[in-house]
Structures are given as C-alpha cells and as structure tokens.
Number of protein chains: 2
Amino acid sequence: MGSELQKGDIFQAIADPTRREVIRLLSVKNQSIAELSSHFEVSRNAVVKHLNVLTEAGLVRGEKSGREKIYQLQPEPLKELQEWLSYYEKFWYNKLTKLKYVVENDTLNK
Amino acid sequence: MGSELQKGDIFQAIADPTRREVIRLLSVKNQSIAELSSHFEVSRNAVVKHLNVLTEAGLVRGEKSGREKIYQLQPEPLKELQEWLSYYEKFWYNKLTKLKYVVENDTLNK
DNA sequence: ATTATATATAACCTAAAGGTGTTATGTCAA
DNA sequence: TTGACATAACACCTTTAGGTTATATATAAT
C-alpha cells in the first residue's frame with residue numbers, strides 16, 4: 001500500500017507513452033477529444049481518461065466550445081521536471097566535468 | 001491492454017517517488033541494499049524491487065562486494081529525459097519567447 | 001422535430017505495480 | 001563450525017492503471 005497516493009504528479013503523468021503522445025499532439029495544435037482520439041488505436045474513452053490525468057497534473061486544459069471540448073497544452077508544470085533534472089545534469093555533462101564535481105565534493109566514498 | 005509493454009523505460013522508472021529518492025540517495029553516495037533500505041519505511045524486499053526496475057532502466061548498477069551489493073548511480077539514461085524535455089522548453093521560456101515561437105511557426109490554429 | 005454528432009458518466013474487467021512474509025544461500029566473524 | 005548478517009528467490013496479496021462497453025445528455029444540422 002503506497003503511503004501517499006500523489007494525484008496530479010507530473011512524473012506520473014508523463015510516465016505513460018500515450019499521454020506523452022497526447023502532449024506532443026497538443027504541442028502542435030489544439031484539438032478536440034474526437035480529433036485527438038483519431039490518432040490512437042485505443043478507444044475514445046481511454047483517451048479521455050488520459051486527458052483527465054493530464055488535466056489533474058495541470059499539463060492540459062480543456063475548454064468547451066459548442067458541443068466540442070478543445071484541449072490545449074499547458075506546459076508550465078514541466079518546469080518542475082526540469083528543475084529535478086537540473087540537479088543531475090552535473091553527473092553526465094562529460095567525464096571531465098564529472099570528475100571535477102566528484103573531486104570538489106568528495107563524492108567518492110567507501 | 002497496452003499495445004507495447006515497455007520494460008526499462010526511463011519515464012516509467014522515475015515515476016515512482018521511492019525510486020526517485022533512491023536515485024537521490026545514490027547521487028550522494030554509493031550504498032548497499034541494507035543501507036539504502038534504512039532510509040525507507042517500506043520493506044527491504046520492496047526496495048530491492050525498485051532497484052531492479054532502476055537497473056533495467058540503466059539508472060543504477062549493483063556490484064557485489066563480499067556479502068554486500070553496492071549500488072551506484074548511472075545517470076546517463078537521464079539524457080533521454082532531457083532531450084524529451086528540451087523540445088518543450090520553448091513553450092515556457094517566457095511569454096515573449098513563446099509568442100515569438102508561435103508567430104514564427106504559425107502554431108496558432110483554429 | 002428528428003437525427004446525427006461530441007462528450008459525459010458509469011459499471012465493469014484484467015494485468016501489473018507495489019507491497020508483504022518466508023525460506024534459501026552465500027559470506028563474514030567468533 | 002557455528003551463529004549472525006546480507007542478499008536472493010519465492011509465493012502471495014491488494015490496489016490501481018489502463019482499458020472496454022453501454023447508456024445518457026447536450027448541441028448541431030436537416
């Protein structure tokens with residue numbers, strides 16, 4: 001049993017390949033549910049569920065327009081991901097940089 | 001039923017908060033399974049399972065040393081994440097940059 | 001008014017994720 | 001060589017993620 005179920009977590013949201021594809025599609029152009037669904041093999045309802053997950057993570061926003069609901073990308077939450085990543089960049093920059101980091105911070109243990 | 005079950009996927013690997021904490025701990029210093037486990041509430045077996053997932057994603061590497069198994073961070077796969085992210089950076093850089101991008105690429109549709 | 005279209009809502013199914021406990025097996029220390 | 005320690009290997013459990021189908025509601029078009 002997971003201690004804390006984190007709804008709306010960005011890491012969770014982008015974990016699914018279908019959701020990443022939704023994000024990509026919306027980065028190209030705003031689309032209705034129907035139009036989005038046309039790009040996938042899975043059912044429209046499945047796509048809607050993914051859209052709900054993305055909405056809870058703040059990554060997309062749907063706006064009703066007549067009988068359609070148009071979704072648009074909301075990229076801000078990705079900043080959190082970038083911040084998380086930035087901490088690790090120093091490790092792979094290149095071997096020299098890494099060595100420098102290790103020496104400076106005495107991270108070579110045991 | 002997901003069409004392609006992607007084992008070893010990096011996005012999947014970092015989706016779990018416990019695994020992210022393992023990554024962080026290993027970024028500070030290499031540790032045995034026992035030492036790693038001491039930082040979590042969950043059982044040692046649970047931690048081992050997370051380590052297996054991380055190993056399959058190429059994010060950590062465990063080396064036997066006597067009766068212990070010492071794990072170390074293997075940050076290279078995070079590059080894939082950064083590449084994925086870099087595509088979206090243009091969207092949030094700042095509103096002016098975003099506007100510039102939209103104008104240049106005619107991404108304002110409908 | 002009637003029909004077609006787009007989305008919403010709900011019930012349900014299955015596999016996998018994350019967790020547990022128990023029992024080997026290998027290694028170090030007395 | 002015996003006991004303690006670290007990990008490995010299993011078997012098992014429960015919840016949730018991702019998917020389905022069916023039915024209802026709202027809007028658009030004829």
Side-chain angles (χ1 to χ4, degrees), chain A residues 1-23 25-26 29-57 59-72 109-110, chain B residues 1-23 25-26 29-57 59-72 109-110:
Chain A
M1 225 160 293
S3 34
E4 297 302 325
L5 198 14
Q6 38 191 144
K7 284 243 293 190
D9 180 67
I10 179 89
F11 292 90
Q12 198 82 12
I14 63 164
D16 185 277
T18 301
R19 283 197 290 269
R20 288 198 299 278
E21 180 63 4
V22 168
I23 290 174
L25 286 168
L26 290 181
K29 88 178 215 265
N30 302 343
Q31 300 179 48
S32 72
I33 295 176
E35 191 173 359
L36 270 173
S37 298
S38 74
H39 295 98
F40 298 95
E41 305 258 284
V42 297
S43 75
R44 174 174 312 202
N45 274 0
V47 173
V48 169
K49 285 197 182 181
H50 286 304
L51 283 169
N52 290 340
V53 173
L54 289 171
T55 300
E56 285 190 346
L59 276 168
V60 305
R61 209 169 79 80
E63 198 155 356
K64 249 188 56 183
S65 159
R67 64 181 161 182
E68 294 188 318
K69 192 168 181 182
I70 309 295
Y71 276 87
Q72 61 181 147
N109 27 42
K110 170 85 193 187
Chain B
M1 225 162 293
S3 35
E4 298 301 326
L5 197 13
Q6 40 190 144
K7 283 243 295 188
D9 180 67
I10 179 90
F11 292 90
Q12 199 80 12
I14 63 164
D16 185 276
T18 300
R19 283 197 291 268
R20 287 199 301 277
E21 180 63 4
V22 168
I23 290 173
L25 286 168
L26 290 181
K29 88 178 216 264
N30 302 343
Q31 299 178 49
S32 73
I33 296 177
E35 191 174 358
L36 270 174
S37 298
S38 74
H39 295 99
F40 297 96
E41 305 258 285
V42 295
S43 76
R44 175 174 314 201
N45 275 359
V47 173
V48 169
K49 285 197 182 180
H50 285 304
L51 283 169
N52 290 340
V53 173
L54 290 170
T55 300
E56 284 190 346
L59 275 168
V60 306
R61 206 169 82 80
E63 199 155 355
K64 248 188 57 184
S65 159
R67 63 181 161 182
E68 294 188 318
K69 192 167 182 183
I70 309 295
Y71 275 88
Q72 60 181 149
N109 26 43
K110 163 88 194 185

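All of these numbers come straight from a predicted model, not from anything done at the bench. Letters go in sequence order (proteins before strands), and every chain restarts at 1.
- Rounding to the nearest 0.5 Å places NZ of K29(A) at 3.5 Å from CD of E35(A).
- Distance from the side chain of A46(A) is smallest for dG19(D) among the nucleotides dG19(D), dG18(D), dG19(C).
- Atom CG of L36(A) and atom OG1 of T18(A) lie 12.0 Å apart (nearest 0.5 Å).
- Atom CG in D16(B) sits roughly 12 Å away from atom P in dA17(D) (whole-Å rounding).
- Here the C1' atom of nucleotide dA17(D) and the CD atom of E56(A) are 13 Å apart, to the nearest Å.
- Contact annotation: the side chain of L59(B) never approaches that of L26(B) to less than 4.5 Å [non-hydrogen atoms, C-beta and beyond].
- Between Q31(A) atom CD and dT7(C) atom C1' there is a gap of 16 Å when expressed in whole angstrom units.
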Exercise. Nucleotide by nucleotide, 5' to 3', does protein get under 4.0 Å of the base (B), only the sugar-phosphate (S), or neither (-) in nucleotides 5-10 of chain D, counting heavy atoms?
Worked result: BSBSB-
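- For the pair H50(B) NE2 and dA17(C) P, the computed distance is 11 Å after rounding to whole Å.
- Residue pairs meeting the side chain to side chain donor-acceptor pair (under 3.5 Å) criterion with at least one partner in residues 42-56 of chain B, sequence neighbours excluded, are K7(B)-E56(B), R19(B)-H50(B).
- Residues satisfying the salt bridge (charged side-chain N to carboxylate O under 4.0 Å, His left out) test with R61(A), not counting sequence neighbours, are E63(A).
- Distance, F11(B) CZ to dG18(D) P: 15 Å, rounded to whole Å.
- Here dG19(C) presents its P atom at 10 Å from CZ of F40(B), a figure rounded to the nearest Å.
- Closest to the side chain of S43(A), out of dG18(D), dT20(C), dT20(D), is dT20(D).
- The side chain to side chain donor-acceptor pair (under 3.5 Å) check on Q72(A) picks up nothing, with sequence neighbours excluded.
- When rounded to the nearest whole Å, the span between CD1 of I14(A) and P of dA17(D) equals 16 Å.
- The ring pair (Phe, Tyr, Trp, His ring centres under 6.0 Å) test applied to Y71(A) returns no partner, not counting sequence neighbours.
- Distance CG (N52(A)) to C1' (dA17(D)): 13 Å, rounded to an integer number of Å.
- Look at R19(A) and you won't find any side-chain N or O under 4.0 angstrom from OP1 or OP2 of dA17(D).
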